[in-house]
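Notes follow the structure.
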Amino acid sequence: MTEHSAGRVLRHWSSPDDRPIEVTAAEGARVYDSSGTGYLDFISQLYCVNAGHGNSAITDAMADQLDRVQYVSSAKDNDTRSKLADAIADVAPDGLDSVYFAVSGSEANETAIQLAREYTGAKTILTRWRSYHGGTLATGGLTGDPAMRAPLEHHAAATGATKFLPPLDYRSPFDADTPEDLADQAADHLDYVIRNQGPDSIAAILTEPIAGTSGAYTAPPGYFEQVRELCDEYDILLISDEVITGFGRCGDWFGIQTEGVTPDMITFAKGVTSAYAPLAGVIANDALADFVRSDDTYLGQTFGGHPVACAAGLGAMDEYRDGLFANVSDLAPILEEGLRSLERYDAVGDVRGRGFLWAIEFTDPETGEPFIDPRVSDAHNPVDDVIAEAQDRGLLLGSGRPGFQIIISPPFCIDEADIDEAIETLDAAIKATFS
Ligand code: PLP
(Lines give C-alpha, C1' and ligand atoms only; values in the text may rest on other atoms or scores of the structure.)
Protein backbone atom coordinates (compact mmCIF):
# COMPACT_ATOMS: atom_id res chain seq x y z
CA MET A 1 0.00 0.00 0.00
CA THR A 2 2.69 2.48 1.06
CA GLU A 3 4.98 1.60 -1.81
CA HIS A 4 2.14 1.71 -4.33
CA SER A 5 0.78 5.12 -3.33
CA ALA A 6 4.15 6.80 -2.71
CA GLY A 7 6.03 5.12 -5.56
CA ARG A 8 6.16 8.15 -7.87
CA VAL A 9 7.28 10.65 -5.23
CA LEU A 10 11.00 11.34 -5.21
CA ARG A 11 11.43 11.64 -1.47
CA HIS A 12 13.89 14.16 -0.06
CA TRP A 13 17.03 12.89 1.68
CA SER A 14 16.13 9.34 0.68
CA SER A 15 18.29 6.26 0.55
CA PRO A 16 17.34 2.74 -0.57
CA ASP A 17 17.29 1.34 2.99
CA ASP A 18 14.73 3.87 4.28
CA ARG A 19 11.39 2.54 5.52
CA PRO A 20 9.38 5.75 5.94
CA ILE A 21 5.85 5.55 7.29
CA GLU A 22 3.03 7.03 5.20
CA VAL A 23 1.40 9.66 7.38
CA THR A 24 -2.27 10.12 6.61
CA ALA A 25 -3.52 11.82 9.78
CA ALA A 26 -2.13 13.67 12.79
CA GLU A 27 -3.28 15.22 16.03
CA GLY A 28 -1.26 16.95 18.74
CA ALA A 29 2.05 15.13 19.21
CA ARG A 30 0.96 12.01 17.29
CA VAL A 31 0.87 11.05 13.62
CA TYR A 32 -0.99 8.07 12.16
CA ASP A 33 -0.16 5.89 9.17
CA SER A 34 -2.63 4.55 6.64
CA SER A 35 -3.35 1.48 8.77
CA GLY A 36 -4.21 3.66 11.77
CA THR A 37 -1.03 2.94 13.74
CA GLY A 38 -0.04 5.93 15.88
CA TYR A 39 3.50 7.31 16.38
CA LEU A 40 4.69 9.82 18.98
CA ASP A 41 6.31 12.50 16.83
CA PHE A 42 9.39 13.48 18.85
CA ILE A 43 11.02 15.20 15.90
CA SER A 44 8.08 17.51 14.98
CA GLN A 45 8.40 15.99 11.46
CA LEU A 46 11.46 18.09 10.50
CA TYR A 47 11.91 20.14 13.71
CA CYS A 48 9.11 22.37 12.52
CA VAL A 49 5.56 21.46 13.65
CA ASN A 50 6.25 23.33 16.88
CA ALA A 51 2.63 23.84 17.96
CA GLY A 52 1.81 20.20 17.27
CA HIS A 53 -0.54 18.85 14.64
CA GLY A 54 -4.14 19.96 14.15
CA ASN A 55 -4.02 23.23 16.09
CA SER A 56 -7.36 24.81 15.15
CA ALA A 57 -6.37 28.37 16.12
CA ILE A 58 -3.74 28.23 13.37
CA THR A 59 -5.91 26.49 10.77
CA ASP A 60 -8.82 28.90 11.49
CA ALA A 61 -6.50 31.89 10.93
CA MET A 62 -5.45 30.36 7.60
CA ALA A 63 -9.07 29.65 6.60
CA ASP A 64 -10.07 33.25 7.41
CA GLN A 65 -7.26 34.52 5.22
CA LEU A 66 -8.29 32.18 2.39
CA ASP A 67 -11.80 33.63 2.60
CA ARG A 68 -10.51 37.21 2.34
CA VAL A 69 -7.62 37.23 -0.14
CA GLN A 70 -5.59 34.21 -1.16
CA TYR A 71 -2.51 35.76 -2.70
CA VAL A 72 -1.00 39.23 -2.86
CA SER A 73 2.14 40.06 -4.87
CA SER A 74 5.25 40.20 -2.73
CA ALA A 75 5.94 43.60 -4.34
CA LYS A 76 2.67 44.98 -2.90
CA ASP A 77 1.43 45.46 0.66
CA ASN A 78 -0.89 43.13 2.51
CA ASP A 79 -2.33 43.70 5.99
CA THR A 80 -1.63 40.17 7.27
CA ARG A 81 1.96 40.28 6.05
CA SER A 82 2.50 43.67 7.70
CA LYS A 83 1.00 42.43 10.99
CA LEU A 84 3.29 39.42 11.03
CA ALA A 85 6.36 41.59 10.35
CA ASP A 86 5.32 43.79 13.31
CA ALA A 87 4.80 40.75 15.52
CA ILE A 88 8.22 39.29 14.62
CA ALA A 89 10.03 42.61 15.07
CA ASP A 90 8.36 42.95 18.50
CA VAL A 91 9.95 39.74 19.76
CA ALA A 92 13.30 39.99 17.90
CA PRO A 93 16.39 41.48 19.60
CA ASP A 94 16.29 45.29 19.84
CA GLY A 95 17.44 46.94 16.64
CA LEU A 96 16.27 44.15 14.34
CA ASP A 97 13.09 45.81 13.15
CA SER A 98 12.44 44.84 9.52
CA VAL A 99 11.51 41.52 7.94
CA TYR A 100 12.17 40.29 4.40
CA PHE A 101 9.95 37.25 3.81
CA ALA A 102 11.15 34.21 1.88
CA VAL A 103 9.74 30.72 1.42
CA SER A 104 12.30 28.28 2.84
CA GLY A 105 15.18 28.35 5.30
CA SER A 106 17.68 27.84 2.48
CA GLU A 107 16.30 30.82 0.59
CA ALA A 108 16.34 32.96 3.74
CA ASN A 109 20.03 32.13 4.18
CA GLU A 110 20.71 32.79 0.49
CA THR A 111 19.07 36.19 0.84
CA ALA A 112 21.05 37.00 3.98
CA ILE A 113 24.38 36.14 2.38
CA GLN A 114 23.51 37.98 -0.82
CA LEU A 115 22.68 41.06 1.26
CA ALA A 116 25.85 40.69 3.31
CA ARG A 117 27.97 40.41 0.17
CA GLU A 118 26.37 43.35 -1.62
CA TYR A 119 26.39 45.50 1.51
CA THR A 120 30.01 44.86 2.48
CA GLY A 121 31.49 44.34 -0.98
CA ALA A 122 33.26 41.25 0.41
CA LYS A 123 32.60 37.72 -0.76
CA THR A 124 33.54 35.14 1.84
CA ILE A 125 31.07 33.79 4.37
CA LEU A 126 32.48 32.02 7.44
CA THR A 127 30.49 29.08 8.75
CA ARG A 128 31.22 26.26 11.17
CA TRP A 129 32.20 22.68 10.55
CA ARG A 130 29.32 20.64 11.99
CA SER A 131 26.61 22.99 10.71
CA TYR A 132 23.63 22.84 8.35
CA HIS A 133 22.41 25.87 6.44
CA GLY A 134 20.34 24.46 3.59
CA GLY A 135 20.11 22.28 0.51
CA THR A 136 20.31 24.80 -2.35
CA LEU A 137 23.35 25.41 -4.50
CA ALA A 138 24.65 28.29 -2.38
CA THR A 139 23.61 27.12 1.07
CA GLY A 140 24.88 23.57 0.49
CA GLY A 141 28.36 25.07 0.28
CA LEU A 142 27.83 26.87 3.59
CA THR A 143 26.97 23.62 5.36
CA GLY A 144 29.63 21.85 7.42
CA ASP A 145 28.66 18.22 6.89
CA PRO A 146 30.42 16.71 3.84
CA ALA A 147 27.53 14.43 2.84
CA MET A 148 25.29 17.46 2.42
CA ARG A 149 27.93 19.91 1.19
CA ALA A 150 30.12 18.00 -1.25
CA PRO A 151 27.56 17.16 -3.99
CA LEU A 152 26.34 20.77 -4.13
CA GLU A 153 29.67 22.53 -3.73
CA HIS A 154 31.13 20.40 -6.46
CA HIS A 155 28.78 21.98 -8.99
CA ALA A 156 28.36 25.47 -7.55
CA ALA A 157 30.23 28.15 -9.47
CA ALA A 158 31.53 29.79 -6.30
CA THR A 159 30.27 29.20 -2.81
CA GLY A 160 32.74 31.61 -1.23
CA ALA A 161 32.47 29.81 2.08
CA THR A 162 35.27 29.05 4.53
CA LYS A 163 34.77 26.97 7.67
CA PHE A 164 35.91 27.36 11.27
CA LEU A 165 35.83 24.95 14.20
CA PRO A 166 32.74 24.74 16.40
CA PRO A 167 33.10 25.23 20.19
CA LEU A 168 32.30 21.55 20.87
CA ASP A 169 33.06 20.22 24.33
CA TYR A 170 32.50 16.51 23.55
CA ARG A 171 35.22 14.90 21.44
CA SER A 172 36.35 18.49 21.19
CA PRO A 173 38.75 19.91 18.60
CA PHE A 174 40.04 22.06 21.49
CA ASP A 175 41.86 21.09 24.66
CA ALA A 176 40.01 23.14 27.27
CA ASP A 177 39.53 22.38 30.97
CA THR A 178 36.58 24.70 31.60
CA PRO A 179 33.72 26.18 29.55
CA GLU A 180 35.38 29.62 29.86
CA ASP A 181 38.62 28.21 28.52
CA LEU A 182 36.71 26.56 25.65
CA ALA A 183 35.03 29.89 24.79
CA ASP A 184 38.44 31.63 24.74
CA GLN A 185 40.15 28.94 22.68
CA ALA A 186 37.30 28.74 20.15
CA ALA A 187 37.21 32.55 19.82
CA ASP A 188 41.03 32.69 19.40
CA HIS A 189 40.74 30.09 16.67
CA LEU A 190 38.07 32.16 14.91
CA ASP A 191 40.32 35.22 15.15
CA TYR A 192 43.10 33.14 13.56
CA VAL A 193 40.80 32.08 10.69
CA ILE A 194 39.65 35.66 10.09
CA ARG A 195 43.20 37.05 10.02
CA ASN A 196 44.43 34.36 7.66
CA GLN A 197 41.42 34.57 5.39
CA GLY A 198 41.87 38.34 5.27
CA PRO A 199 39.26 40.32 7.25
CA ASP A 200 38.41 42.58 4.31
CA SER A 201 37.41 39.58 2.20
CA ILE A 202 34.82 38.39 4.73
CA ALA A 203 31.21 39.57 4.41
CA ALA A 204 29.62 37.65 7.28
CA ILE A 205 29.81 34.94 9.87
CA LEU A 206 26.73 32.74 9.55
CA THR A 207 26.07 30.44 12.48
CA GLU A 208 23.35 28.58 14.30
CA PRO A 209 23.30 29.74 17.95
CA ILE A 210 22.62 26.15 19.01
CA ALA A 211 23.49 23.59 16.35
CA GLY A 212 20.45 21.90 14.86
CA THR A 213 20.76 18.68 12.91
CA SER A 214 24.54 18.75 13.33
CA GLY A 215 24.18 17.81 16.96
CA ALA A 216 22.27 20.28 19.19
CA TYR A 217 25.50 21.53 20.71
CA THR A 218 25.36 24.74 22.69
CA ALA A 219 28.15 27.30 22.94
CA PRO A 220 30.07 27.80 26.19
CA PRO A 221 29.09 30.96 28.10
CA GLY A 222 30.73 34.08 26.71
CA TYR A 223 31.60 32.53 23.33
CA PHE A 224 29.07 34.46 21.27
CA GLU A 225 30.01 37.71 22.99
CA GLN A 226 33.54 37.17 21.72
CA VAL A 227 32.23 36.31 18.24
CA ARG A 228 30.28 39.59 18.23
CA GLU A 229 33.40 41.50 19.34
CA LEU A 230 35.42 39.95 16.51
CA CYS A 231 32.70 40.92 14.00
CA ASP A 232 32.77 44.49 15.29
CA GLU A 233 36.55 44.65 15.26
CA TYR A 234 36.82 43.43 11.65
CA ASP A 235 33.59 44.92 10.21
CA ILE A 236 32.04 41.53 9.56
CA LEU A 237 28.27 41.01 9.72
CA LEU A 238 26.89 38.43 12.16
CA ILE A 239 23.97 36.33 10.89
CA SER A 240 22.17 34.00 13.29
CA ASP A 241 20.60 31.05 11.45
CA GLU A 242 17.49 30.39 13.54
CA VAL A 243 15.68 28.12 11.09
CA ILE A 244 15.42 25.48 13.83
CA THR A 245 16.15 27.46 17.00
CA GLY A 246 13.78 30.35 16.23
CA PHE A 247 10.26 30.62 17.55
CA GLY A 248 10.83 29.10 20.95
CA ARG A 249 12.50 25.75 20.37
CA CYS A 250 15.43 26.59 22.64
CA GLY A 251 13.64 28.71 25.24
CA ASP A 252 13.59 32.30 24.02
CA TRP A 253 11.92 33.44 20.82
CA PHE A 254 15.36 33.22 19.23
CA GLY A 255 18.33 31.15 20.40
CA ILE A 256 20.78 34.05 20.15
CA GLN A 257 18.76 35.97 22.77
CA THR A 258 19.93 33.46 25.41
CA GLU A 259 23.51 34.38 24.46
CA GLY A 260 22.87 38.09 25.12
CA VAL A 261 24.15 39.08 21.70
CA THR A 262 22.49 41.06 18.90
CA PRO A 263 23.31 39.82 15.39
CA ASP A 264 22.94 41.99 12.26
CA MET A 265 20.47 39.56 10.73
CA ILE A 266 18.42 36.57 11.87
CA THR A 267 17.17 34.00 9.38
CA PHE A 268 14.09 31.95 10.24
CA ALA A 269 11.67 29.41 8.71
CA LYS A 270 10.01 26.19 10.01
CA GLY A 271 8.51 27.18 13.39
CA VAL A 272 7.30 30.61 12.29
CA THR A 273 4.11 28.99 10.99
CA SER A 274 4.55 25.76 12.94
CA ALA A 275 5.07 24.43 9.38
CA TYR A 276 1.37 24.78 8.57
CA ALA A 277 2.47 26.66 5.43
CA PRO A 278 5.90 27.37 3.95
CA LEU A 279 7.30 30.68 5.20
CA ALA A 280 10.78 31.95 6.01
CA GLY A 281 12.60 35.23 6.20
CA VAL A 282 15.40 37.53 7.24
CA ILE A 283 15.06 39.94 10.16
CA ALA A 284 17.41 42.80 9.43
CA ASN A 285 18.83 45.73 11.38
CA ASP A 286 18.12 49.27 10.20
CA ALA A 287 21.26 49.65 8.10
CA LEU A 288 20.54 46.46 6.13
CA ALA A 289 16.83 47.23 5.90
CA ASP A 290 17.65 50.66 4.44
CA PHE A 291 19.92 48.92 1.96
CA VAL A 292 17.07 46.63 0.83
CA ARG A 293 14.76 49.63 0.51
CA SER A 294 17.36 51.55 -1.53
CA ASP A 295 18.06 51.28 -5.26
CA ASP A 296 21.32 49.48 -4.51
CA THR A 297 19.82 46.00 -4.37
CA TYR A 298 16.82 44.33 -5.92
CA LEU A 299 15.49 41.15 -4.32
CA GLY A 300 12.27 39.19 -4.69
CA GLN A 301 10.40 35.91 -4.94
CA THR A 302 6.80 35.24 -5.98
CA PHE A 303 5.82 33.32 -2.86
CA GLY A 304 7.78 35.25 -0.23
CA GLY A 305 5.35 36.31 2.51
CA HIS A 306 2.32 34.45 1.12
CA PRO A 307 -0.73 35.85 2.97
CA VAL A 308 -2.06 32.42 4.01
CA ALA A 309 1.36 31.53 5.42
CA CYS A 310 1.54 34.89 7.21
CA ALA A 311 -1.90 34.19 8.74
CA ALA A 312 -0.55 30.85 9.95
CA GLY A 313 2.43 32.74 11.41
CA LEU A 314 0.18 35.11 13.37
CA GLY A 315 -1.89 32.15 14.59
CA ALA A 316 1.22 30.18 15.61
CA MET A 317 2.78 33.12 17.46
CA ASP A 318 -0.45 33.60 19.44
CA GLU A 319 -0.46 29.92 20.35
CA TYR A 320 3.20 30.07 21.43
CA ARG A 321 2.41 33.01 23.72
CA ASP A 322 -0.80 31.43 25.04
CA GLY A 323 0.81 28.54 26.88
CA LEU A 324 3.03 26.58 24.50
CA PHE A 325 6.23 28.43 25.45
CA ALA A 326 5.33 28.00 29.13
CA ASN A 327 4.93 24.28 28.47
CA VAL A 328 8.42 24.14 26.94
CA SER A 329 10.01 25.85 29.94
CA ASP A 330 8.07 23.64 32.39
CA LEU A 331 8.88 20.37 30.62
CA ALA A 332 12.42 20.98 29.29
CA PRO A 333 14.06 19.96 32.61
CA ILE A 334 11.94 16.77 32.68
CA LEU A 335 12.90 15.95 29.10
CA GLU A 336 16.56 16.60 29.93
CA GLU A 337 16.41 14.39 33.03
CA GLY A 338 14.84 11.56 31.03
CA LEU A 339 17.45 11.81 28.26
CA ARG A 340 20.29 11.98 30.78
CA SER A 341 19.00 8.78 32.41
CA LEU A 342 20.12 7.07 29.17
CA GLU A 343 23.72 8.02 29.89
CA ARG A 344 23.88 4.81 31.91
CA TYR A 345 24.28 2.93 28.62
CA ASP A 346 27.96 2.53 27.72
CA ALA A 347 27.14 3.31 24.09
CA VAL A 348 25.66 6.71 24.97
CA GLY A 349 28.64 9.06 24.80
CA ASP A 350 26.99 12.44 25.19
CA VAL A 351 23.58 14.00 25.79
CA ARG A 352 23.32 17.72 25.02
CA GLY A 353 20.93 20.44 23.98
CA ARG A 354 18.64 23.16 25.28
CA GLY A 355 14.87 23.58 25.60
CA PHE A 356 13.18 21.14 23.21
CA LEU A 357 16.24 20.48 21.00
CA TRP A 358 18.51 17.60 22.06
CA ALA A 359 21.06 15.20 20.62
CA ILE A 360 22.37 11.87 21.83
CA GLU A 361 25.79 10.99 20.47
CA PHE A 362 26.67 7.29 20.44
CA THR A 363 30.25 6.22 21.03
CA ASP A 364 31.96 2.85 21.06
CA PRO A 365 33.07 2.53 24.72
CA GLU A 366 36.10 0.48 23.61
CA THR A 367 37.54 3.19 21.38
CA GLY A 368 35.91 6.41 22.57
CA GLU A 369 35.08 7.04 18.88
CA PRO A 370 31.79 6.66 16.97
CA PHE A 371 30.84 3.06 16.11
CA ILE A 372 30.79 4.23 12.51
CA ASP A 373 31.71 7.69 11.28
CA PRO A 374 29.53 8.06 8.16
CA ARG A 375 31.86 10.82 6.90
CA VAL A 376 34.56 8.23 6.25
CA SER A 377 32.81 4.86 6.25
CA ASP A 378 29.94 3.23 4.37
CA ALA A 379 29.67 0.40 6.90
CA HIS A 380 26.39 -0.34 8.63
CA ASN A 381 25.66 2.29 11.29
CA PRO A 382 24.03 0.98 14.49
CA VAL A 383 22.69 4.47 15.26
CA ASP A 384 20.33 4.02 12.28
CA ASP A 385 19.10 0.86 14.03
CA VAL A 386 18.23 2.86 17.17
CA ILE A 387 16.05 5.15 15.05
CA ALA A 388 14.44 2.18 13.23
CA GLU A 389 13.87 0.27 16.50
CA ALA A 390 12.22 3.36 18.00
CA GLN A 391 9.99 3.77 14.93
CA ASP A 392 8.94 0.11 15.15
CA ARG A 393 7.92 0.81 18.76
CA GLY A 394 5.94 3.92 17.78
CA LEU A 395 8.42 6.77 18.32
CA LEU A 396 9.74 9.10 15.60
CA LEU A 397 13.24 10.55 16.07
CA GLY A 398 15.66 12.40 13.77
CA SER A 399 19.02 11.41 12.40
CA GLY A 400 21.90 13.82 13.07
CA ARG A 401 24.54 14.88 10.59
CA PRO A 402 26.99 13.15 10.89
CA GLY A 403 24.84 10.15 11.64
CA PHE A 404 26.54 9.03 14.85
CA GLN A 405 23.90 11.01 16.71
CA ILE A 406 20.13 11.18 16.95
CA ILE A 407 18.05 14.33 17.35
CA ILE A 408 15.08 14.79 19.66
CA SER A 409 12.86 17.79 18.92
CA PRO A 410 9.27 17.30 20.07
CA PRO A 411 6.34 19.64 19.46
CA PHE A 412 5.64 22.13 22.22
CA CYS A 413 2.23 20.62 23.04
CA ILE A 414 3.53 17.38 24.63
CA ASP A 415 2.87 16.50 28.27
CA GLU A 416 4.83 14.62 30.91
CA ALA A 417 3.25 11.29 29.95
CA ASP A 418 4.49 11.75 26.36
CA ILE A 419 8.03 12.33 27.67
CA ASP A 420 7.82 9.18 29.85
CA GLU A 421 6.60 7.17 26.88
CA ALA A 422 9.33 8.55 24.59
CA ILE A 423 12.13 7.87 27.09
CA GLU A 424 10.86 4.34 27.77
CA THR A 425 10.69 3.62 24.03
CA LEU A 426 14.11 5.11 23.34
CA ASP A 427 15.51 3.12 26.24
CA ALA A 428 14.10 -0.08 24.71
CA ALA A 429 15.47 0.85 21.26
CA ILE A 430 18.98 1.45 22.66
CA LYS A 431 18.82 -1.81 24.63
CA ALA A 432 17.69 -3.75 21.55
CA THR A 433 20.48 -2.26 19.45
CA PHE A 434 23.46 -2.46 21.76
CA SER A 435 22.90 -5.42 24.09
N1 PLP B 1 19.23 26.30 8.39
C2 PLP B 1 19.09 25.37 9.34
C3 PLP B 1 19.74 25.57 10.68
C4 PLP B 1 18.31 24.23 9.10
O5 PLP B 1 18.19 23.28 10.05
C6 PLP B 1 17.68 24.10 7.85
C7 PLP B 1 16.83 22.91 7.56
O8 PLP B 1 16.72 21.98 8.34
C9 PLP B 1 17.87 25.08 6.88
C10 PLP B 1 18.64 26.18 7.19
C11 PLP B 1 17.24 24.96 5.52
O12 PLP B 1 15.87 25.14 5.60
P13 PLP B 1 14.91 24.59 4.43
O14 PLP B 1 14.97 23.09 4.49
O15 PLP B 1 13.56 25.16 4.79
O16 PLP B 1 15.41 25.14 3.16
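Just so it is clear, the values below take in all heavy atoms, side chains as well, and ignore hydrogens, waters and symmetry mates. As the structure lists them, so they are numbered: ligands from 1, and atoms in each ligand from 1.
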Quiz prompt | Qualifying residues under salt bridge (Lys or Arg N to Asp or Glu O under 4.0 Å), relative to D384, sequence neighbours excluded | solution = none
Quiz item: Going through the distances and angles, do D296 and Y119 end up as a side chain to side chain donor-acceptor pair (under 3.5 Å)?
Solution: CA-CA 9 Å; D296 296 330; Y119 183 78; over 6 Å; no
Exercise. Determine, stepwise, if the pair R228 / D232 fulfils salt bridge (Lys or Arg N to Asp or Glu O under 4.0 Å).
Key: CA-CA 6 Å; R228 178 73 265 183; D232 292 342; 2.9 Å; yes
Quiz item: Would you say the side-chain atoms of E118 and T297 include a donor-acceptor pair closer than 3.5 Å?
Solution: yes
Quiz prompt | Pi-cation contact, Y132 with R401 (under 6.0 Å, within 45°) | solution = yes
Quiz item: Checking R128 against Y217: charged group under 6.0 Å from the ring centre and within 45 degrees of the axis?
Solution: no
Exercise. Quick one, list the residues around ligand 1 where some non-hydrogen atom comes in under 4.0 Å, by chain and residue number.
Key: S104, G105, S106, N109, Y132, H133, G134, E208, D241, V243, I244, K270
